[in-house]
Amino acid sequence: MSTPSVLLATSFQHELGSQAEWDEDSTLYQPYEVEQILMPDNANCLSVRVFLKMLNLPLDIKYKTNAEYMSPNGKVPFIKCGQFVIAQLESIIEFVQSKNYSLSKDLNNSEKDEMRTYMSSVNSVFGNAESYIVWCDPDVVPITSLRCGIVYPFPLNHWITYIKKRANKARLNALGWLKKSLDDVYSDVEKCCEFLSDRLGDSLYFFNVIEELETALKEEYENDGYSRTDEDVDNITEIARPNIWQSCLDVNNVENKMDIFDDIFDLPEQAVLREDCQHFVSKLGNNEEDKISVLSDLESILTCHCKALPNRRKYESNNGWIDLLLPLITLKLPRSCMYNLFEAIFDKFIPRHVDSFHLLRLLILYHDPELCNFLDTKKVTPDLYAKLWFQSLFASSCNLTVILSIWDLYFQKGDPFFIFFLALVIIVNDRDLILNLKDETKSKIVEMISLLPSNLTVEDVTDFCALAQYYDSKTPSSFKKELETLLFKDIDCLDKDSKLSQALCLPVSVMELISNSEERNNISDSGEENVRFFLIDCRPAEQYNAGHPPTAFHLDCNLMLQEPNSFSTAVQGLLSCQRQALAANSKAGGEHLCFLGCGELLADQYTHMVVASFLQKHTHYVSLLSGGYGAFHKYLGDSADTYLWDHNEMLCPVCQKENTSSNIQISKKTSEINGHIEKSEKSDIFGIIG
């Protein structure tokens, strides 16, 4: 019996699929974006996701290391819709159209034919160019080999890469592309772009799908988290930007908040505010009529902003507010819309508390302790160079076109803490420049660092944000939950103290430590690798032996002072154990060192000395478990005996303290009961005598 052809099987599948509605639980499968996927596959996955998003079809995204081997034809992406599994962009489009979902239903036959022509040209040229660059460009091939084999053990990783490279080169050779030079490939791409440009003419979009395309790209970017490394969606156009920003900041349907403004300009600092606005507007290249309008908008918005919370907002020169308004002015929106955007940005993205600078220092210490130590030695603290960065979202430090591009990505990402990682990238990327300033004065160093963002160009923005996303993924995230209210939401936060200024290193919550250790593959739903901790228990031996986390390495902190040589040997053993655990992909292995103490300040003095010794040696990725063993034990609750190894309630200091507290409460309650009984008995006796 002969096997049916693929075309016949596909046709039969589409015919059956058209009889059912779109499954609400449909799922798209693709490789991991950060570590694994290659440029052509990523383009196809993005195309399918945007296509289905434009049709408003519900779809769950799942990342699988073996996605191509799960696919019915070895191609990605593929979707599972009900009982049907369909792979590749063209087949998925046909399957969806069979269910009467289409983006081209309003086009006539001529327009549909024209659209197919352009799509065929784009797929042919861009697809082959991507394959050529991935497999033939000598600068890119090493990256391709790494990504292609990253999920496989040796020697399978090399074999898989070899097989794929040979197959793709054979296909390129059959199409006549293998004989081309890299310049030839770029020339073909340029000609294709010119071909599309001629068709586009003075229009902004093809075939009138502007609204669906903007919505799809925005939602696709929100879901993606900017983790793509191979290509990004084109920059938002000037016409689309106002709508995108308002949608991202959720102010589309917000009432006019300027209705509360009484048009009375009587702030105590009004003269300073007006003078700063006039000085700012005078530097703009607009005509005089535009300058008057801009000046009026600036002063009205800032005055209304201050009057909205008069006890908490006071304008000061160089506080970044005017700089924050400049990108909004370019949107040419009504004053009320501009004010709503300004308020939304201020409320959601501008850190308010001094601890924001302490947090930035801890992030620098976590990723580059040598650089942090240098800045500490020079007494160059983040509040001296990053204050305007934070207050204006870099608008005071970068040129306008750069800021517009950064904000395009920033607002769609929606993470208020992203500014800390952008600042971290700026500092760490120029570490050599900063370290070479060792002979300069403090003021000179501050000035140099403050000006670093001004070196950014529009071409740098995508890589800049991608690097920030990378550092974000390589950092414990529990501090975000702990600090979000303090830094961004609490209007009365200025009077509060989070103790972050006293933190020795970046704190990690018990919940994050346990949840990460339980995720065996250490891959999040978004496709990013979670932080993998190597837990170091620094409590004295008798406490460790009375109960400890199962993956913890014991490093007795008392040895540091009592037996320095033994401590040094133990540290070497620790580092060796860490390397072995990483090599074996053990659950206990991780690049990130998390130190665990008792959880009490006095008792943890030696633990803090151990942590400080690692930081002095410029060890990367050093953190301390918040609350120590006490918090760990409390989090486990009744499961402590099950989760902890060698747990002995009679010797465990936490259990001892809980038992003592319980006994005291029982004793107190017993005394109260006995006293009540005794009092009752005396009352009865006196009653009888009376």
Side-chain angles (χ1 to χ4, degrees), residues 478 504 507-520 532-564 566-567 569-578 580-581 584 586-590 592-611 613-614 622-670:
S478 49
L504 180 62
V508 171
S509 72
V510 175
M511 182 182 294
E512 180 174 18
L513 177 70
I514 292 179
S515 62
N516 281 22
S517 65
E518 287 177 346
E519 294 180 11
R520 183 66 180 84
R532 298 180 59 184
F533 293 109
F534 185 74
L535 184 59
I536 305 169
D537 194 331
C538 293
R539 295 175 298 145
E542 62 273 12
Q543 294 187 24
Y544 177 84
N545 293 331
H548 58 85
T551 60
F553 183 98
H554 185 228
L555 180 64
D556 192 340
C557 59
N558 291 332
L559 293 177
M560 187 173 182
L561 294 181
Q562 297 173 359
E563 301 179 42
S566 298
F567 178 78
T569 302
V571 170
Q572 294 304 315
L574 180 153
L575 297 176
S576 176
C577 182
Q578 181 192 23
Q580 292 175 19
S586 166
K587 191 174 183 178
H592 301 256
L593 303 180
C594 184
F595 290 85
L596 182 150
C598 302
E600 298 178 359
L601 186 60
L602 292 177
D604 278 337
Q605 288 181 346
Y606 285 175
T607 298
H608 293 165
M609 291 174 63
V610 171
V611 174
S613 70
F614 275 79
V622 173
S623 62
L624 186 65
L625 187 68
S626 298
Y629 179 76
F632 195 94
H633 194 289
K634 182 179 180 180
Y635 182 86
L636 296 175
D638 296 335
S639 303
D641 281 335
T642 304
Y643 193 89
L644 295 173
W645 281 12
D646 303 327
H647 186 233
N648 186 328
E649 292 187 10
M650 300 299 295
L651 300 177
C652 174
V654 177
C655 292
Q656 287 178 342
K657 185 181 294 185
E658 290 177 352
N659 292 336
T660 301
S661 176
S662 178
N663 290 337
I664 292 174
Q665 291 178 1
I666 292 173
S667 177
K668 184 177 179 181
K669 189 67 175 177
T670 302

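The residues of the chain are indexed from 1 along the displayed sequence. The structure displayed is predicted, hence computed values, not measured ones.
For Ala581 against Gly589, the heavy-atom pair with the smallest separation is CB-CA, 3.5 Å. Considering every non-hydrogen atom in both His633 and Cys655, the closest pair reads NE2-SG, 3.4 Å. Of all heavy-atom pairs between Arg539 and His554, the closest is O-NE2, 2.8 Å. Of all heavy-atom pairs between Leu596 and Pro549, the closest is CD1-CG, 4.1 Å. Across all non-hydrogen atoms, the minimal contact from Ala541 to Asp556 is N-OD2, 3.5 Å.
Contact annotation: the side chain of His592 never approaches that of Val508 to less than 4.5 Å [non-hydrogen atoms, C-beta and beyond]. Proximity of Leu624 to His608: side-chain heavy atoms (C-beta onward) are separated by under 4.5 Å at one or more points. Contact annotation: the side chain of Pro653 never approaches that of Lys657 to less than 4.5 Å [non-hydrogen atoms, C-beta and beyond]. Using a 4.5 Å heavy-atom cutoff, the side chains of Phe533 and Glu512 are in contact. Residues Val654 and Lys634 fail the side-chain proximity criterion, which asks for heavy atoms closer than 4.5 Å. Side-chain contact between Phe567 and Leu555: present, with at least one pair of heavy atoms (C-beta onward) separated by less than 4.5 Å. Put simply, the side chain of Asp646 does not reach to within 4.5 Å of the side chain of Asn545, judged on heavy atoms. Side-chain contact between Ser509 and Tyr635: absent, with no pair of heavy atoms (C-beta onward) separated by less than 4.5 Å.
Taking SG of Cys594 as the start and CZ of Phe534 as the end, the distance is 11.5 Å to the nearest 0.5 Å. To the nearest 0.5 angstrom, Cys557 atom SG is 9.0 Å from Gln562 atom CD. Distance check, rounded to the nearest 0.5 Å: OH of Tyr629 to CG of Asp537 gives 8.5 Å. Separating the CD atom in Gln656 from the CG atom in Leu651 is a distance of 6.5 Å, to the nearest 0.5 Å. Taking CE of Met511 as the reference point, atom OG of Ser626 lies at 12.0 Å (rounded to 0.5 Å). Atom CG of Leu504 is separated from atom CZ of Phe614 by 12.5 Å, given to the nearest 0.5 angstrom.
Using cut-offs of 30° and 60° on the angle between ring planes, the pair Tyr643 and Phe632 is tilted. Between Tyr544 and His548, the two ring planes are parallel [angle under 30°; tilted spans 30° to 60°].
Side chain of Thr607 to backbone of Gly597: no donor-acceptor contact under 3.5 angstrom is found. Ser613 places a side-chain N or O within donor-acceptor distance of the main-chain N or O of Val610, the cut-off being under 3.5 Å. Counting only distance, with no hydrogens or angles, the side chain of Asn648 and the backbone of Ala546 share no donor-acceptor pair below 3.5 Å. Without hydrogens or angle criteria, Gln543 side chain to Cys652 main chain gives no donor-acceptor distance under 3.5 Å.
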